[in-house]
Amino acid sequence: MLKVLCFHGWGTNPEFMDYQLRYFKKFFPEMEFETLAGPKKVPPGYIADPGVTKIIKNNQFLAWGTSPYNIIQTGKRDWTEALNYVIDYINQEGPFDGLCGFSQGGMMAQQLLLAIESGEYKDKLKVKPPKFAIFASSVYDDTHNMTL
């Protein structure tokens, strides 16, 4: 069985990602999808999509990196906290054969792969790196902790 670490989108959580993955799980039974909760909290008032609030019953809205609102104000993105959090998780629960990310979760997966490829996290990652990635509704973010 292939083990896939999943990253939810901004302002959602593992519960919502599991809902989004329901057909993947049905049609790819050879894959075990495990969704990690983002380390940053998003205030409920920031969630504009009523569909999200209908599915997420516990009001736990989470994110991976700096919120879009902070990026606009500061001009900076910072993935460091999330990268360290994910690397620690992978070392404890991995290895994972692949990654799957939706929206900002896709950007998180990209940042992780960039950090591993660049050698920046070579000494921190204690297990084999993922072999593949699935991106859904994601954009490419090559800023890697740089100012916009």
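Computed from heavy atoms alone, side chains included, the values below leave out hydrogens, waters and symmetry copies.
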> With side-chain contact (heavy atoms from CB on, under 4.5 Å) as the test, would you mind laying out the steps for Leu62 and Trp10 before giving the verdict?
CA-CA 6 Å; Leu62 305 169; Trp10 183 88; over 6 Å; no
> Examine Met107 and Leu5 and state if one hydrophobic cluster contains both, with Ile, Leu, Val, Met, Phe, Trp and Tyr joined whenever side-chain heavy atoms are less than 4.5 Å apart.
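Result: yes, single cluster for both.
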> If hydrophobic clusters are built from ILVMFWY residues whose side chains come within less than 4.5 Å, do Leu2 and Tyr23 share one?
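Hydrophobic grouping puts Leu2 with Tyr23.
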> Please report the interatomic distance CD1(Ile116) to NZ(Lys128), rounded to the nearest 0.5 Å.
14.0 Å
> Tell me the closest heavy-atom pair linking Phe135 and Gly106, and the distance in Å.
CE2-O, 3.5 Å
> Give the cluster check for Val127 versus Met108: same hydrophobic cluster or not, with ILVMFWY residues linked at side-chain heavy-atom distances below 4.5 Å.
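Val127 clusters together with Met108.
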> Taking the side chain as everything from C-beta on, heavy atoms only, tell me whether Leu21 gets closer than 4.5 Å to Lys25.
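The answer is yes, as the side chains (C-beta and beyond) meet within the 4.5 Å cut-off.
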> Is Met31 reachable from Leu36 through a run of hydrophobic residues whose side-chain heavy atoms are each under 4.5 Å from the next?
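No, separate clusters.
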> Distance check, rounded to the nearest 0.5 Å: Ile55 atom CD1 versus Phe16 atom CZ?
4.5 Å
> Is there a donor-acceptor contact under 3.5 Å from the side chain of Ser118 to the main chain of Leu114?
yes
> What I'd like to find out is whether the side chain of Glu30 reaches to under 4.5 Å of the side chain of Met1, using heavy atoms alone.
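In short, these two side chains do not touch, never coming nearer than 4.5 Å.
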> Considering residues, nucleotides and ligands other than Phe132, do more than 12 of their heavy atoms fall under 6.0 Å from its CZ?
yes
> Please output the side-chain donor-acceptor pairs of residues 83-101 that fall under 3.5 Å, not counting sequence neighbours, one pair per line with the distance.
from	atom 1	to	atom 2	distance (Å)
Asn84	OD1	Tyr121	OH	3.4
Asn84	OD1	Lys124	NZ	3.3
Asn84	ND2	Thr80	O	3.3
Tyr85	OH	Ala37	O	2.6
Tyr89	OH	Glu34	OE2	2.2
Asn91	OD1	Lys126	N	2.7
Asn91	ND2	Ile87	O	3.4
Asn91	ND2	Lys124	O	2.8
Asp97	OD1	Lys131	NZ	3.2
Asp97	OD2	Lys3	N	2.8

> To the nearest 0.5 Å, tell me how far Cys6 SG sits from Gln20 CD.
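Here the rounded value is 10.0 Å.
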> Which heavy atom of Gly11 sits nearest a heavy atom of Phe61, and at what distance?
O-CD2, 3.2 Å
> Assess whether atom CG of Asp123 is packed by more than 12 heavy atoms of other residues, nucleotides or ligands within 6.0 Å.
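No, not enclosed.
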> Output yes when a side-chain donor or acceptor of Trp64 lies under 3.5 Å from a complementary backbone atom of His8, and no otherwise.
yes
> Which atom pair, heavy atoms only, marks the closest approach of Gly9 to Ser103?
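The pair with the smallest heavy-atom distance is CA-CB, 4.2 Å.
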> With heavy-atom distances below 4.5 Å as the criterion, would you say the side chains of Asn58 and Asn13 are in contact?
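Heavy-atom side-chain distance check passes, below 4.5 Å.
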> Could you label the plane-to-plane angle of the Phe24 and Phe28 rings as parallel, tilted or perpendicular, counting under 30° as parallel and over 60° as perpendicular?
tilted
> So if you build clusters from Ile, Leu, Val, Met, Phe, Trp, Tyr with side-chain heavy-atom gaps below 4.5 Å, do Met17 and Phe33 land together?
yes
> Quick one: pull up CD in Gln111 and CD in Glu120 and give me the separation to the nearest 0.5 Å.
9.5 Å
> State the CG-OG1 distance between Asp18 and Thr35, to the nearest 0.5 angstrom.
4.5 Å
